Amino acid sequence: MKIATWNINGVKARIDTVLAWLKETSPDVACLQEIKSVDENFPRQPFEDLGYNVETHGQKGFNGVALLAKSPLEDVQRGLPGNDADEQARYIEAGISTAGGAIRFGCLYLPNGNPLGTEKFPYKLEWMDRLIAHAERRLAEETPFLLLGDYNVIPDPVDAKNPENWIGDALFQPESRRRFRALTHLGLTEAVRSCSEEADIYTFWDYQAGAWQKNNGIRIDHILMSAQATDRMTGCGIDKHVRGWEKPSDHVPVWVKLAA
DNA sequence: ATGTCCTTTAAGAAAGGA
């Protein structure tokens with residue numbers, strides 16, 4: 001089965017692009033970020049017409065996440081636990097049943113954190129601390145569990161075409177990178193680095209300054225897997241070509257295949 | 001070369017977020 005994540009940068013603006021990609025790759029599960037839509041306005045019908053069950057956690061104007069799955073989505077949980085005052089829609093989690101047992105998916109849109117020196121950066125770090133705590137609880141269940149999404153973290157210098165350009169950016173701060181490592185140190189395996197040895201693999205190219213044309217990208221969309229999920233991994237990939245389509249998102253899909 | 005895009009507000013641009 002194929003499980004994908006993609007920051008689509010607005011479902012209203014991207015609907016045709018997203019549908020074209022779904023028809024091309026037909027993932028069994030798709031985690032979408034930055035839907036920029038309230039739940040009531042999410043265009044469910046075209047996705048359901050392609051055979052997907054749809055669950056959303058949206059808000060007005062920005063943020064918002066969605067889960068699509070060909071199987072029924074069970075035990076849907078909206079919002080990252082640990083801070084009732086957090087009103088930003090950045091996390092949705094659900095499970096599906098497979099022949100090999102249940103699998104659970106967390107779809108996340110981690111705060112950007114820029115600019116440094118504002119309340120945005122500590123919010124990012126606090127959100128990451130809550131994600132670590134939540135992952136720790138899920139991992140204790142010792143079941144197949146995946147955390148997929150836009151982490152807004154460049155884990156290492158190799159994950160940027162020009163790492164020197166990101167020194168003053170929240171995505172590349174030691175505090176952000178340390179927390180990403182803490183997540184993996186809990187026992188989560190990062191899919192792409194564990195199944196690909198390619199260089200220059202990125203998931204985001206800014207709309208500005210000809211970043212795509214220069215391949216000036218960064219790798220900030222990640223799939224983290226529990227041991228029980230990792231043991232079933234049969235492949236992974238990045239749908240880079242989608243960045244060259246008409247009306248592209250600035251991110252591209254990342255996917256992993258698990259033995260059914 | 002802050003060289004782009006999406007959304008909201010509110011009635012044509014401008015601001016916020018990325």
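All figures in this text were calculated on a predicted structure; none of them were measured in a lab. Convention: sequence-line order gives letters A, B, ...; per-chain numbering from 1.
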S.K.: Evaluate whether the separation between SG of A:Cys107 and SG of A:Cys31 stays below 2.5 angstrom.
M.R.: no
S.K.: Please measure how far the P atom in B:dC6 lies from the corresponding atom in B:dA10, and state the result in whole Å.
M.R.: 22 Å
S.K.: A:Lys120 side chain: which of B:dA18, B:dT9, B:dC6 is closest?
M.R.: B:dA18
S.K.: What's the closest nucleotide to the side chain of A:Gln208 if the choices are B:dC6, B:dT9, B:dT4?
M.R.: B:dT4
S.K.: Is the phosphate of B:dG17 approached by A:Lys36 (side-chain N or O, under 4.0 Å from OP1 or OP2)?
M.R.: no
S.K.: In whole Å, I'd like the distance from the CG atom of A:Asn63 to the C1' atom of B:dG16.
M.R.: 12 Å
S.K.: Rounded to whole angstroms, how far apart are CG on A:Asn114 and P on B:dG17?
M.R.: 12 Å
S.K.: Round to a whole Å and report the spacing from CZ of A:Phe42 to C1' of B:dT7.
M.R.: 16 Å
S.K.: 5'-most contact on DNA chain B: A:Tyr207 or A:Asp150, nearest heavy atom basis?
M.R.: A:Tyr207
S.K.: Could you give the CG-to-P distance, from A:Asn216 to B:dT2, as a whole number of Å?
M.R.: 13 Å
S.K.: Once you round it to whole Å, what is the distance between C1' of B:dC6 and CD of A:Gln33?
M.R.: 16 Å
S.K.: Give A:Ala13 one of three labels, base, sugar-phosphate or nothing, depending on what nucleic acid heavy atoms sit under 4.0 Å from its own.
M.R.: sugar-phosphate
S.K.: Is there a side-chain contact between A:Arg90 and the phosphate of B:dG17, meaning an N or O under 4.0 Å from OP1 or OP2?
M.R.: no
S.K.: Report which part of the nucleic acid A:Tyr109 touches: base, sugar-phosphate, or nothing (heavy-atom distance under 4.0 Å, all strands).
M.R.: sugar-phosphate
S.K.: Can you check the A:Gln59 CD to B:dT8 P distance for me, whole Å?
M.R.: 11 Å
S.K.: Between A:Glu190 and A:Arg219, is there a salt bridge with N-O shorter than 4.0 Å?
M.R.: yes
S.K.: Which sits closer to the 5' end of DNA chain B, A:Ser37 or A:Phe62, going by the nucleotide each is nearest to?
M.R.: A:Ser37
S.K.: Does the ring of A:Phe172 carry A:Arg177 above it, NZ/CZ under 6.0 angstrom from centre and within 45° of its axis?
M.R.: yes
S.K.: Take atom CD of A:Gln88 and atom P of B:dG17, then tell me their distance rounded to the nearest Å.
M.R.: 9 Å
S.K.: Can you see whether A:Phe145 has A:Arg104 sitting over its ring - NZ or CZ less than 6.0 Å from the centre and within 45° of the normal?
M.R.: no
S.K.: Measure from NZ on A:Lys12 to P on B:dC6 and round the result to the nearest Å.
M.R.: 12 Å
S.K.: Is any side-chain N of the basic residue among A:Arg78 and A:Glu55 closer than 4.0 Å to the acidic one's carboxylate O?
M.R.: yes
